[in-house]
**Student:** 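The structure under discussion is supplied below as structure tokens; questions concerning it will follow.
In this text, all values refer to a predicted model and were calculated from it rather than measured experimentally. The basis for the numbers below is simple: all heavy atoms, side chains too, and nothing from hydrogens, waters or symmetry mates.
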2 protein chains.
Amino acid sequence: MNLHRALKELKEKGHKYTDKREDLLRFFYEHNGYRTARDVKIMMEDKYPGISFDTIYRNLHLFVDLGLLEVTELEGEKHFRMKCESKHHHHFICLDCGKTKEIHTCPMQQVSGELQDYSVENHKFEIYGKCPACK
Amino acid sequence: MNLHRALKELKEKGHKYTDKREDLLRFFYEHNGYRTARDVKIMMEDKYPGISFDTIYRNLHLFVDLGLLEVTELEGEKHFRMKCESKHHHHFICLDCGKTKEIHTCPMQQVSGELQDYSVENHKFEIYGKCPACK
DNA sequence: CGTTAAATCGGAATCATTCTTATTTACAAA
DNA sequence: TTTGTAAATAAGAATGATTCCGATTTAACG
């Protein structure tokens, strides 16, 4: 998902363009990894002093609903990142900087046999550690 | 992990025996699945009116530290279950009742090649949906 | 029994997140 | 360009899970 396409999609779905939304999306576009609402707030406060958490969360969730961002829960806090372009995959997540690396192994094919009578709704496979830069 | 061994371990590590601790462990022993602190509180309030969340959380975390319970984060809330006996595996988790099914597929072997320069600390693979009873 | 550290209680505090109400703004239509 | 309207925002209160704190109680050991 690139910035231009994300903004276009926003408009097409009938949502308004605001500088805050562009900056928020750009923030994620420029960072290949997961960030929290708090991270976003700190980044935004320079340009928009007094921006409220409400605005940030509202937009983050809107963007998740529109498929522009992805969300995962990490240590009791929601973390967001730009939606990946490529086909289904999982992530290594650096616990220091939040940067991610795509993992192209998905265990769900092998698993299906074990869950005959179950209705599977979704799954989560994440690997945590330190990236080369933070190690 | 069975109840008797859990209580024995508690004692051996220098912790005190209390009825509350036994009941708490029994609760998990008798339920093959994840439960929240709130679930525990509701269960305990019959016998111990006025039991505090502090006591429950303190014990839950103590038990996790001792390896008697496992914990996972689900929809912004910590969920606990009796520590599994068997070797490394993952879980299907029913989003209705919290019951689990062991999944004996672990993708980490295939993944190692993708993470040469990374330091891997842990990983999470969980499958969510409805169990046959709740479906 | 008496001592003592551990456990508990009760309630305040914290942290992430959501809600409420009033105000402002983007943008479409006149 | 002006204006009407729904959407977006601000500010702060409210919520829900979890943790902390000070005072009190209790298990366990000698």
Side-chain angles (χ1 to χ4, degrees), chain A residues 6-27 34-66 68-81 98, chain B residues 6-27 34-66 68-81 98:
Chain A
L7 288 167
K8 186 154 161 277
E9 194 132 338
L10 196 61
K11 178 147 226 168
E12 281 168 359
K13 296 269 174 61
H15 299 278
K16 293 185 181 173
Y17 165 87
T18 68
D19 287 345
K20 292 190 186 68
R21 287 181 167 174
E22 172 167 349
D23 288 353
L24 196 162
L25 285 170
R26 190 198 325 282
F27 174 67
Y34 281 103
R35 310 307 299 261
T36 64
R38 176 167 300 275
D39 293 332
V40 174
K41 183 141 189 288
I42 289 167
M43 178 279 292
M44 302 269 273
E45 267 170 345
D46 286 344
K47 193 163 162 188
Y48 309 100
I51 186 170
S52 75
F53 266 116
D54 187 56
T55 297
I56 290 167
Y57 279 111
R58 189 168 13 78
N59 284 323
L60 287 172
H61 288 131
L62 171 64
F63 296 161
V64 170
D65 290 347
L66 293 178
L68 309 180
L69 294 180
E70 298 178 21
V71 61
T72 193
E73 189 118 12
L74 212 45
E75 291 165 346
E77 203 171 354
K78 290 202 177 81
H79 288 60
F80 302 84
R81 60 157 290 141
Chain B
L7 288 167
K8 186 154 160 278
E9 193 130 338
L10 196 62
K11 177 151 224 165
E12 282 169 359
K13 295 270 173 60
H15 299 278
K16 293 184 179 172
Y17 165 86
T18 69
D19 286 346
K20 291 191 187 68
R21 286 180 167 174
E22 172 166 351
D23 288 354
L24 196 163
L25 285 169
R26 191 199 323 282
F27 175 66
Y34 281 102
R35 311 305 300 261
T36 65
R38 174 167 300 276
D39 293 333
V40 174
K41 184 144 191 285
I42 289 167
M43 177 278 293
M44 303 269 274
E45 267 169 346
D46 285 344
K47 192 163 163 187
Y48 310 101
I51 186 170
S52 74
F53 267 115
D54 187 53
T55 298
I56 289 167
Y57 278 111
R58 189 168 15 77
N59 285 322
L60 287 172
H61 288 132
L62 171 65
F63 296 162
V64 171
D65 290 346
L66 293 177
L68 309 181
L69 294 180
E70 300 179 20
V71 60
T72 193
E73 188 115 17
L74 214 43
E75 292 165 346
E77 204 172 353
K78 290 201 177 82
H79 288 60
F80 303 84
R81 60 157 290 139

**Student:** How close or far is atom P of C:dA5 from atom CG of B:L62, stated in whole angstroms?
**Tutor:** 18 Å

**Student:** Report the residues that fulfil side-chain hydrogen bond (donor to acceptor under 3.5 Å, both in side chains) with B:Y17, sequence neighbours left out, ordered by chain and then residue number.
**Tutor:** B:D19, B:E22

**Student:** Which residues pass the side-chain contact (heavy atoms from CB on, under 4.5 Å) test with B:D46, sequence neighbours left out?
**Tutor:** none

**Student:** Taking only residues two or more places apart in sequence, or in another chain, which ones meet A:D54 in a side-chain contact (heavy atoms from CB on, under 4.5 Å)?
**Tutor:** A:S52, A:R58

**Student:** Among all residues two or more places apart in sequence or in another chain, which pass the salt bridge (charged side-chain N to carboxylate O under 4.0 Å, His left out) test with B:K13?
**Tutor:** B:E9

**Student:** Starting at CD1 of A:I56 and ending at P of C:dT18, how long is that distance when rounded to a whole Å?
**Tutor:** 13 Å

**Student:** How far does NZ of B:K16 sit from CG of B:L10, to the nearest 0.5 angstrom?
**Tutor:** 12.0 Å

**Student:** Output the rounded distance in Å from CE (B:M44) to C1' (C:dG10).
**Tutor:** 16 Å

**Student:** Taking only residues two or more places apart in sequence or in another chain, which ones pass salt bridge (charged side-chain N to carboxylate O under 4.0 Å, His left out) with A:R35?
**Tutor:** A:D39

**Student:** Could you list the residues that satisfy side-chain contact (heavy atoms from CB on, under 4.5 Å) with A:F53, not counting sequence neighbours?
**Tutor:** A:A37, A:R38, A:K41, A:Y57

**Student:** Angle between the two end axes of the helix from C:dC1-D:dG30 to C:dA30-D:dT1, five base pairs per end, rounded to 10 degrees?
**Tutor:** 20°

**Student:** Classify every nucleotide of nucleotides 15-27 of chain D by which part a protein heavy atom approaches to under 4.0 Å, writing B for the base, S for the sugar-phosphate alone and - for neither, in 5'-to-3' order.
**Tutor:** --SBBBB----BB

**Student:** Using whole Å, what does the distance between atom C1' of nucleotide D:dA8 and atom CD1 of A:I51 come to?
**Tutor:** 11 Å

**Student:** Could you check how far CD of B:E75 sits from C1' of C:dT17, rounded to whole Å?
**Tutor:** 15 Å

**Student:** Taking only residues two or more places apart in sequence, or in another chain, which ones meet A:T18 in a side-chain contact (heavy atoms from CB on, under 4.5 Å)?
**Tutor:** A:K20, A:R21

**Student:** Let me know the distance between NZ of A:K41 and P of D:dT9, rounded to the nearest Å.
**Tutor:** 15 Å

**Student:** With sequence neighbours left out, what residues match A:D65 under side-chain hydrogen bond (donor to acceptor under 3.5 Å, both in side chains)?
**Tutor:** none

**Student:** In whole Å, I'd like the distance from the CD atom of B:E45 to the C1' atom of C:dC9.
**Tutor:** 13 Å

**Student:** With sugar-phosphate meaning primed atoms plus P, OP1 and OP2, does A:R21 contact a base, only sugar-phosphate, or nothing at under 4.0 Å between heavy atoms?
**Tutor:** sugar-phosphate

**Student:** Ignoring backbone atoms, test whether A:T55 places a side-chain nitrogen or oxygen under 4.0 Å from the OP1 or OP2 oxygen of D:dA10.
**Tutor:** yes

**Student:** Within the structure, does a side-chain N or O atom of B:R58 lie under 4.0 Å from either OP1 or OP2 of C:dA7?
**Tutor:** no

**Student:** Give, ordered by number, those residues of residues 6-14 of chain B having at least one heavy-atom distance below 4.0 Å to an atom of DNA chain D; if nothing qualifies, reply none.
**Tutor:** none

**Student:** Starting at NE2 of A:H15 and ending at P of C:dA28, how long is that distance when rounded to a whole Å?
**Tutor:** 14 Å

**Student:** Quick one: salt bridge (charged side-chain N to carboxylate O under 4.0 Å, His left out) partners of A:E77, sequence neighbours excluded?
**Tutor:** none

**Student:** How many angstroms lie between CE in A:M44 and CG in A:D23, if you round to the nearest 0.5 Å?
**Tutor:** 6.0 Å

